[in-house]
Number of protein chains: 4
Amino acid sequence: MSGPAARRRARRHDPGRRDRLIDAALAVIAERGVAGTTHREIARAADVPLGSMTYHFSSLEEVLAEAFTRHADAVARVFDERLSTARDRDEAAEAVVTLVSDSLLGSPADLVLSVELYVAAARNPALRAVTQAWMARSRRALERHFDPTTARELDALIEGLVLHSALSTDPMTPEQIRHAVLRYLR
Amino acid sequence: MSGPAARRRARRHDPGRRDRLIDAALAVIAERGVAGTTHREIARAADVPLGSMTYHFSSLEEVLAEAFTRHADAVARVFDERLSTARDRDEAAEAVVTLVSDSLLGSPADLVLSVELYVAAARNPALRAVTQAWMARSRRALERHFDPTTARELDALIEGLVLHSALSTDPMTPEQIRHAVLRYLR
Amino acid sequence: MSGPAARRRARRHDPGRRDRLIDAALAVIAERGVAGTTHREIARAADVPLGSMTYHFSSLEEVLAEAFTRHADAVARVFDERLSTARDRDEAAEAVVTLVSDSLLGSPADLVLSVELYVAAARNPALRAVTQAWMARSRRALERHFDPTTARELDALIEGLVLHSALSTDPMTPEQIRHAVLRYLR
Amino acid sequence: MSGPAARRRARRHDPGRRDRLIDAALAVIAERGVAGTTHREIARAADVPLGSMTYHFSSLEEVLAEAFTRHADAVARVFDERLSTARDRDEAAEAVVTLVSDSLLGSPADLVLSVELYVAAARNPALRAVTQAWMARSRRALERHFDPTTARELDALIEGLVLHSALSTDPMTPEQIRHAVLRYLR
DNA sequence: AATGAATGAGGATTCATTCAT
DNA sequence: AATGAATGAATCCTCATTCAT
């Protein structure tokens, strides 16, 4: 038997807990999917009592919305940065290739995060706002280098490449990704 | 007071019930998403007693697998047919445009069905087999008219176009779809 | 350790369970008040698993409505019977005295049952229907022997006498009840 | 972004807060019933932080007791005053009529306050003391003009009239109240 | 062959209360 | 003196699945 001190975690003061909870939520979504994301699961992942969840968030929906917002922001930020670094169309094309290839390097669970968001958004207005903002931001980033039509089409192609690779047993190699992107932009 | 016989539908002999249940499942998935698809919901949609579900299927997972298989089959069949009708590359390209455009005409709920499947497949091996088979079949259909690399890339583009339009507030018009496809194939 | 047979109650077949649950609900309301009436408490009182509650009733509100309906019916039936036995005004007056006195014999908790209903009805439309029907029925029973105005006033007096006694540390004796009723009817 | 000072009301010095909390509690009880009266609800109603509740009161029960005491005092004071103004039995009777009629004019929520108290008192000894004191005080006020037996019976009649009207869809008119009271006192 | 009843695990959420600051 | 954060028990309810009939 452990001593009384160890028996119960006495984690009273814990600033930034709300923040950690959002990260934990993302981890759970990635691992278990939105369907498997529950208060309990998130609380467990963050090693926090269940009651803490509803203290910090008024509903599970709110947690999801915040988590996906953070995810979208992070992804979009990288997208923005890479594309803003490119100095011409060719470098922009190469940036796109890198972005897609890199995103395929993460865990497969991570890959599906975006698709999870899409599906969740289909039934949850609060999340739809997140996806819309994200899509718009991506397109704007692309429009630094491409005309609006190209930007939109390219965005769709990117989506398709990621999705296909995410779900396929043999995902595309960076070389194959490059081939597809460059062929479209040729 | 009516006798017990009149109280509830006495649908004893009901061949094809299993079949109707699968269709009902698809309807529920389309309307409520996989997360909202329960034995109860499906039974209600098919106007069938709850016990009937587990009589015909050994688990909910089995229902989902059968439902998605049927969905994928139906979509793939149309895909096959349209592409087999095409007599050359140009007609094949046009067939792809039509397929994507048409799929965007259905109800938004229907559109999400495929995405629901993707997500579900990400965590469910039985479903992954369904998506793999489906992808392979699509690619084979495209390979009637395009080389393997093109077929694969085109398949990804199609996916991206459908997904983007399915989730966007302003989906692409058939003209925009054609533009994207033809540009890639140009 | 008890043998496996005793370890878990294997109470599968149990016709009339719904009925018993309603009775159990009344017992709990009487003992703990509406505020203390929960699914758990009722299930415990009926020695039935928690899940059984929501199988038989779609909400706790439904349980309360059914329970109070049963209570009101039972009380009203006695009221009806006693008053229908009376052959003239004097006997009717005596019947009222007996009814009030008898109702004071039960447990104090039982006494408050009706008041609990009133309060619950104030915030629950479904219950309001129950109280309305009950009040109407009481009044109709009194109108067999008294004019409508007298019936209504007498009904209120009865209510007051019961309530006062229910909440007082020294409830009225039957003799005191008789005195009050006869004085009003004198 | 505004600094932390501006983020939330900084109501440091607030004498009389305890007092306001009791009033807020009464408002909440009237609107939501005792069952719906929580620390949170009261704090919200008083626009006060949650922690303030348990700072000023050691338990919710204490809040309820104080609130009901205040309510009973207010009602009893009016009762006292009106009856002390009456110079003879007839004026006293008229005062009773007015008191009952007036109480029916208030908001229906207010009316239920007393009934809520009765019910709560049935299970809560601390509250029972409140009702006892209230009843005793009412009776004493009536005994200025009526003999003890009459006072007690009249008190019960008053209770019944108020309760009936409070819960009925067609409450009695002042004329009907007068008729009932005068008939009893005739 | 078919189904209504039953059940236990788990879902989100609310809340009184405690406590560190 | 005052309060935001924290927590664990309890709330209602849903559900996949099992089983007796």
Side-chain angles (χ1 to χ4, degrees), chain A residues 8-18 35-43 48-63, chain B residues 4 7-15 17 35-43 48-61 63, chain C residues 8-18 35-43 48-61 63, chain D residues 4 7-15 17 36-43 48-61 63:
Chain A
R8 286 237 161 260
R9 67 197 123 86
R11 188 115 31 80
R12 273 299 159 136
H13 189 54
D14 179 6
R17 171 175 290 193
R18 207 187 118 96
T37 299
T38 66
H39 275 143
R40 278 170 163 71
E41 214 63 44
I42 300 170
V48 143
L50 177 56
S52 194
M53 285 302 301
T54 43
Y55 173 73
H56 286 287
F57 306 93
S58 65
S59 73
L60 188 56
E61 196 171 306
E62 185 184 323
V63 184
Chain B
R7 204 186 307 161
R8 283 231 160 263
R9 63 204 123 80
R11 186 114 29 80
R12 279 283 143 161
H13 188 56
D14 181 5
R17 168 176 292 191
T37 299
T38 65
H39 275 145
R40 283 168 165 71
E41 213 61 45
I42 300 170
V48 143
L50 174 59
S52 192
M53 286 301 300
T54 43
Y55 176 74
H56 287 287
F57 305 92
S58 66
S59 76
L60 187 57
E61 197 172 305
V63 185
Chain C
R8 285 241 160 257
R9 66 195 122 88
R11 187 116 34 77
R12 274 292 153 144
H13 189 53
D14 180 7
R17 171 177 290 194
R18 207 187 120 95
T37 299
T38 67
H39 276 144
R40 277 170 164 73
E41 215 59 49
I42 299 171
V48 144
L50 178 57
S52 193
M53 286 303 300
T54 43
Y55 172 75
H56 286 287
F57 306 93
S58 63
S59 74
L60 188 57
E61 196 174 303
V63 185
Chain D
R7 203 185 311 161
R8 284 233 157 264
R9 64 203 124 79
R11 185 113 31 76
R12 280 283 142 161
H13 188 56
D14 180 7
R17 169 176 290 191
T37 299
T38 66
H39 276 144
R40 281 166 166 73
E41 213 62 46
I42 299 170
V48 143
L50 174 59
S52 191
M53 286 301 301
T54 42
Y55 176 74
H56 287 287
F57 304 93
S58 65
S59 75
L60 187 57
E61 197 172 305
V63 186

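Each chain gets a letter, A, B and so on, in the order the sequences are listed, and its residues count up from 1. Quantities reported herein were computed from a predicted structural model and do not represent experimental measurements.
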S.K.: OP1 or OP2 of F:dT14 versus the side-chain N and O atoms of C:Thr54: is any pair under 4.0 Å?
M.R.: no
S.K.: D:His39 or A:Thr37: which one's nearest nucleotide on DNA chain E is closer to the 5' end?
M.R.: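 Mapping each residue to its closest nucleotide by heavy atoms, the 5'-most match is A:Thr37.
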S.K.: Where the side chain of A:Leu60 is defined as all heavy atoms beyond and including C-beta, which of E:dT3, E:dA12, F:dC15 is the nearest nucleotide?
M.R.: E:dA12
S.K.: Taking atom types as they are modelled, would you say the side chain of C:Arg40 forms a donor-acceptor pair with the base of F:dA10 within the 3.5 Å cutoff?
M.R.: no
S.K.: Determine whether D:Ile42 and D:Leu60 satisfy the following criterion, side-chain contact (heavy atoms from CB on, under 4.5 Å), listing intermediate values before the conclusion.
M.R.: CA-CA 10 Å; D:Ile42 299 170; D:Leu60 187 57; 4.2 Å; yes
S.K.: Is the phosphate of F:dT3 approached by D:Tyr55 (side-chain N or O, under 4.0 Å from OP1 or OP2)?
M.R.: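 For D:Tyr55, the contact criterion (side-chain N or O under 4.0 Å from OP1 or OP2 of F:dT3) is not met.
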S.K.: Donor-acceptor pair, distance only, cut-off 3.5 Å: does the side chain of C:Glu41 make one with the backbone of C:Thr37?
M.R.: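 It does not hold such a pair.
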S.K.: Counting the atoms with a prime plus P, OP1 and OP2 as sugar-phosphate, which does A:Ser52 contact under 4.0 Å by heavy atoms, base, sugar-phosphate, or nothing?
M.R.: base
S.K.: Is there a donor on the side chain of C:Arg17 or the base of E:dA6 sitting less than 3.5 Å from an acceptor on the other?
M.R.: no
S.K.: Need the bend value for the helix from E:dA2-F:dT21 to E:dT21-F:dA2: angle between end axes, 5 pairs each end, nearest 10°.
M.R.: 10°
S.K.: Measure from the side-chain heavy atoms of B:Leu50 and tell me the nearest of F:dT17, E:dG4, F:dT7.
M.R.: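 Among the listed nucleotides, the one closest to the side chain of B:Leu50 is F:dT17.
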S.K.: In whole Å, I'd like the distance from the CD atom of A:Glu61 to the C1' atom of E:dT13.
M.R.: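 One finds 14 Å between C1' of E:dT13 and CD of A:Glu61, rounded.
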S.K.: Expressed as a whole number of angstroms, how long is the span from C:Met53:CE to F:dC12:C1'?
M.R.: 11 Å
S.K.: Between A:Arg18 and A:Phe57, is any pair of side-chain heavy atoms under 4.5 Å apart?
M.R.: yes
S.K.: Counting only side-chain N and O atoms of C:His56, is one of them less than 4.0 Å from OP1 or OP2 of E:dA5?
M.R.: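 C:His56 to E:dA5 OP1/OP2: no side-chain N or O under 4.0 Å.
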